[in-house]
Structures are given as structure tokens and as C-alpha cells.
Amino acid sequence: MAFWNKIFQRGRSRADPIPTGRKSATGINSHGILSPYRSRIADILAELRRIPDEANAIDFLRKKVPDVSMALWNFVRLSNQGHKMEFFDINNRQVMLKDIEEEWREFAARVNEISNAGLDGLINILHTSAYLLGNQMIEVEVSEDRTDIVDVHVIDPRTIEWELEERDGKKVWIPYQRQALKGRVSLENANIFSVPTDPDINDPRGNLLLAPALQPTDFQLQTLQDLQAVLHRQGWPRNDISIDREAVAKHMPADYKVNSKKQIEWYNYIFSQIEESFRNLKPDADYMHFDDVQVNMTQGANANRSLDVRAVTETVDVQMLNALKQLGTLVNRHTGKTETYSTVEFSITIRGIKSIQQGSKRLIEEVARLWLRVKGIQAIPVFTHNDIDYASELQRMDIKLKQQEFWAINMLLKLCSPDQAAQEIIGAEKAYSQDYPEDQIRVSFSAGDGINANQHKRKDSERENTNEKVSYLWKAGKPN
């Protein structure tokens, strides 16, 4: 039992029996019905301002706002470039257990049954949860006879309440969930694993990475609405139509001239007649009117006014990019940066993605440990995400050659076995042969500037000869 406590160490003792079944519930409505109808929001800004919870507001934005949707799309696709699961012998970590990998692949294909996307789809959901909701949470459902894993369920962090309680003389955070028919349910005795995203001190909930995007998005939506109003006022030319008041007064009936109210009625009548005539004109129609009406074919009172839309949008874009943790190139914001600077930026982005991948790596390894335990197999699972592929074919080939050179030198210096070199270079279980001609291998070791030892000797010799010649010429030309 000491082996299980060491290999499968977790919050509670591994001597306890594995919980079976599922304790958590899905985050759908109380009736358990998902309708195919999805309502459309007309006023996104008004709907956003009505949502009081930050997590719900972020989840709303990722479905309605293009920038947030693109940021999530980029993050999820970059963070899941494929993976590999390896199992090693507990007594010899150099020995890979290929037969277990075959059985694991069958399990990984049927996991995440709700979407039929397998382990890849499960990882995408976990990364989405980490990026949007600040936590990655799963529950592993074990069969009643404890011989297999039924499925792995992703838990919505928004449905979890954490309560600080005392267990075995120490304070620990216990997760609770409010369920439709059972009320408030404790998830303490369940196979639940959680990895919060950049959590605060003594806070298991994790932080919402996109919370800073709420205010810039609100401002962006408000700005777009204001720009729409400005474009309607200044973007299209308008006609300035003036009516000669004196000419209208001359044609006023005599009984109207002595009554101020009737005068107003007369002016309104003439005004409405002219207004209706111009409104009924087609875009290509000619203007025909009496000389008491003048039409100015200009842009009206706002002819000389303009608004620099680009300056406003660029100000908002900077806030949006910082809040979404995105590069300008990835969300169609080209800023003319140099290749070197963009490479540094993308490297930082990759580091941020890898920090999220570490959380999903731990969760999948926890699932693998529990899967090994119910199967009665003793092994060490190692889950690895594939590197983000952004290099060209030539760069990838150069990296492979450098990797082969690195492990060949290690093998020559007796730092690793040929089997390990074969595993690292081409993923083979063993090397083709354990014997290699050491006396025929020529390896050059650089001396800091890419020059080997023999070249350094030649350069030192050339430098000494040059110094001797300079010294001789100086003495020959020196006066007595």
C-alpha cells in the first residue's frame, strides 16, 4: 500500500476505496432539456450591461463579440497541437510499456462521450474553461465494480461553491454544488480534480484572465454605436433646402393674415407640402420647384466637420489586445513591427499557453493514474503536449538535426544509452543496435564562437606570426 500512497498521492489517503459513480451534475437547466433554438441578441451592449457576474459576462462576449471570439479561437487552436501519452516501468523509467499505450488509446477514443470528440475534445474544453472561467475541473466517473472508468466529465467552475472546513485537524477547501433535485451537494468524496488559473493567495477559484476585457469591450461597443450615428450625420451628403418666407406670406389668404394661429397653420401646410415632394423624389430624379424654394447641393451644416475614426479605434484596439492577451497579428491588427520584435512577442504568447497546458497535463495524468489503479496496472504515466508548430519545414529539419547531434554526443560520452537516444530522437523503443563504431565517429566541440580546437590552434599560430612580423618591422624602421 505504500506504493499507492507514493505514486497516487492526493489530498486524501489512497488507502481509501475509490469513489464510484458521479457526484457532480451538469450545468444545464433544472428540466435537463437543451433546445436547438438559440435566441439572437439585438442590443449586445445593453445585454452585456445587464449581466452582473463577470464569468457570465465573459462567456456572453465570446459568443457575440468578434475580438473575444477570435482570441478564444486562437488560444484553443494554438494550445492543442496534439499530444502523446507514455507509460514507463515503475522500476526502470527507461523502459516504455507499449502494450499499455494501446489500451489507453482505446480509452482516450471513447472518453468525453457527450461530444464524441475523445480526449482531444476534452482538452479543448479544459483549455476553454481555463481561459474564460479561470479553472479546469473534471470528475472521473468510476464504474460500480471499480474495474473501469465510465467517462470523464468537465465541471463548470461557475456551479461550484467553495467552503473552508476542518478535516483531520487542518482547514481545507471543500467544493459544493447546488443541484436541481438534491439541493446543496458536497463533492468531497468524489474523484474531482481541479487546476485553477493563476489563483490568488488562499483562493481555489482561480482568476478570470479576460476580466480586464469587459470595460474595453463595453467602450468598443459604445464607440461603434456612436460612430454609426456620426456616419449617418456626416458620412452622406445632404440637401440644404431653404423656403422664402416672404414669398409664402404673399400667397397667404387674406383671412389668414389677420389671425396668428392661421398663419402658423399656413406655414406648416406649405412646409409639409414641400417636404413631402422632396421625400417622394427618387435618387436619380431632377429637382423641379418654384423660385421661392432653394436647394443647396452640399453636405449641409456639417460640410466642414469630420471625425478621425482611425485614431479612436486604435486607442480601443490597444486596450482590447492587452485585455485579451493577444498579438496584433493574430487578431488582424497589423502594427508594422519588425520580425525580431514579433518573434519575442510570440515567444511570450507561447509561454502563456504552456502555463495553461501544464494544468491540463496534470489533470490528464491524474485520470491516467486512476485508470491504471482500477485496471490493477503498475506504471508511471507521462502526458506531453506537442510543441506549438510555427516553424518552416527547413527550420524543423534543422531542429531535428540538432537534436540528433545532441543525443549522439550524449551517447558518445556515455551519458545515455543507445535505447534512450533512439527514444528521444525517433520515438523507437530500442535502438537498432547497441554496438556503434566509436573509433570512427568524429565530433567537433565548439569553443564558444563556433570554432573547434584545431581551428583555434591555427588562429593562435597565425596571430603569433603576425605579431612577430609587426615587431620585426618596427625594429627595422626604428632609428639608431
TODO: Could you tell me the separation between the CD atom of Glu101 and the CD atom of Glu429, rounded to the nearest 0.5 Å?
DONE: 9.0 Å

Task: Close side-chain approach of Leu187 and Tyr176, heavy atoms under 4.5 Å - done: no

TODO: May I ask you to check whether Ser417 and Asp419 show a side-chain donor-acceptor distance below 3.5 Å?
DONE: no

TODO: Kindly assign one of parallel, tilted or perpendicular to the pair Trp104 and Trp371, based on the angle between their ring planes and the thresholds 30° and 60°.
DONE: perpendicular

Open item on the list: Using a 3.5 Å distance criterion without hydrogens, assess whether the side chain of Ser194 forms a donor-acceptor pair with backbone atoms of Met137.
Closed with: no

Task: Interatomic distance, Arg158 atom CZ to Leu132 atom CG [nearest 0.5 angstrom] - done: 8.5 Å

TODO: First locate atom CZ of Arg38, then atom CZ of Arg40, and finally report the distance between them rounded to the nearest 0.5 Å.
DONE: 15.5 Å

TODO: Compare all side-chain heavy atoms of Glu165 with those of Lys171 and state whether any distance is below 4.5 angstrom.
DONE: no

Task: Note, Arg105 side chain near Met85 side chain (heavy atom, < 4.5 Å) - done: no

Open item on the list: So, using side chain to side chain donor-acceptor pair (under 3.5 Å) as the criterion, who are the partners of Asp120 when residues are at least two apart?
Closed with: His83

TODO: Compute whether any side-chain donor of one residue and acceptor of the other, for Ser129 and Gln136, lie under 3.5 angstrom apart.
DONE: no

Open item on the list: Using the side chain to side chain contact (heavy atoms under 4.5 Å, CB included) criterion, which residues pair with Asn202? Sequence neighbours excluded.
Closed with: Trp173

Task: Whether Gln378 side chain and Asn91 backbone form a donor-acceptor pair below 3.5 Å - done: no

Task: Backbone of Phe75 reached by a side-chain donor or acceptor of Ser79 within 3.5 Å - done: yes

Open item on the list: Using only atom types and a distance under 3.5 Å, with no angle test, would you say the side chain of Asp151 pairs donor to acceptor with the backbone of Glu113?
Closed with: yes

- [ ] List the atom of Pro381, the atom of Ala368, and the distance in Å for their closest heavy-atom pair.
- [x] CB-CB, 3.7 Å

TODO: Give a yes or no on this: more than 12 heavy atoms of other residues, nucleotides or ligands lie within 6.0 Å of atom CZ of Arg22.
DONE: yes

TODO: Would you please say whether a donor-acceptor pair under 3.5 Å links the side chains of Asn135 and Arg205?
DONE: no

TODO: Go through the steps for Asp59 and Asn56 under the test side chain to side chain contact (heavy atoms under 4.5 Å, CB included), then give the verdict.
DONE: CA-CA 5 Å; Asp59 187 56; Asn56 292 336; 5.6 Å; no

- [ ] Answer yes if the side chains of Gln177 and Thr159 hold a donor-acceptor pair under 3.5 Å, and no otherwise.
- [x] yes

Task: Beyond-backbone contact of Arg167 with Ile174, side-chain heavy atoms, under 4.5 angstrom - done: yes

TODO: Could you walk me through whether Arg110 and Asp148 pass the salt bridge (Lys or Arg N to Asp or Glu O under 4.0 Å) test, one step at a time?
DONE: CA-CA 12 Å; Arg110 67 173 176 82; Asp148 198 4; 3.1 Å; yes

Open item on the list: Looking at Thr384, is its backbone amide N or carbonyl O close enough to the side chain of Lys84 to form a donor-acceptor pair, meaning the two atoms are under 3.5 Å apart?
Closed with: no

Task: Backbone N/O of Val382 and side chain of Glu365: donor-acceptor pair under 3.5 Å - done: no

TODO: Using side chain to side chain donor-acceptor pair (under 3.5 Å) as the criterion, list what pairs up with Asn207, not counting sequence neighbours.
DONE: Asp200

Open item on the list: Whether the side chain of Lys325 engages the backbone of Leu209 through a donor-acceptor N/O pair (distance < 3.5 Å, no angle test) should be reported.
Closed with: yes

Open item on the list: Would you compute the distance between atom CG of Asn189 and atom CD1 of Ile18 and round it to the nearest 0.5 angstrom?
Closed with: 13.5 Å

Open item on the list: Does any part of the side chain of Pro175, heavy atoms only, come nearer than 4.5 Å to the side chain of Glu161, both counted from C-beta?
Closed with: no

Open item on the list: Let me confirm one number: the CD1-CG distance from Ile138 to Leu363, rounded to the nearest 0.5 Å.
Closed with: 4.5 Å

Task: Atom pair OG1/CG of Thr223 and Leu45 - distance to nearest 0.5 Å - done: 10.0 Å

TODO: Evaluate the side-chain proximity of Leu164 to Val172: yes if any heavy-atom separation is below 4.5 Å, no if none is.
DONE: no

Task: Option among Ile123, Val152, Ile125, Asn124 that satisfies the side-chain contact (heavy atoms from CB on, under 4.5 Å) test with Asn112 - done: Ile125

- [ ] Determine, step by step, whether Glu103 and Lys375 satisfy the side chain to side chain contact (heavy atoms under 4.5 Å, CB included) criterion, reporting the C-alpha distance in whole Å, the side-chain angles of both residues, the deciding distance to 0.1 Å, and the verdict.
- [x] CA-CA 11 Å; Glu103 191 173 354; Lys375 292 290 184 180; 3.8 Å; yes

Open item on the list: Regarding Asp67 and Gln220, do their side chains bring together a donor and an acceptor under 3.5 Å, going by distance alone?
Closed with: yes

Open item on the list: I want to check something: taking the side chain as every heavy atom from C-beta on, are Gln81 and Gln357 in contact at a cut-off of under 4.5 Å?
Closed with: no

Task: Pair Asn74, Gln326: side-chain N/O donor-acceptor within cut-off below 3.5 Å - done: yes

Open item on the list: Is any side-chain heavy atom of Thr197 closer than 4.5 Å to one of Tyr131?
Closed with: no

Task: Verdict with reasoning, Ser24 to His153, per side-chain hydrogen bond (donor to acceptor under 3.5 Å, both in side chains) - done: CA-CA 9 Å; Ser24 65; His153 308 281; over 6 Å; no

Task: Donor-acceptor under 3.5 Å (Arg146 side chain, Pro17 main chain) - done: no

Open item on the list: Donor-acceptor pair, distance only, cut-off 3.5 Å: does the side chain of Lys170 make one with the backbone of Asp168?
Closed with: no

Task: Side-chain (Glu54) to main-chain (Ala211) donor-acceptor, under 3.5 angstrom - done: no

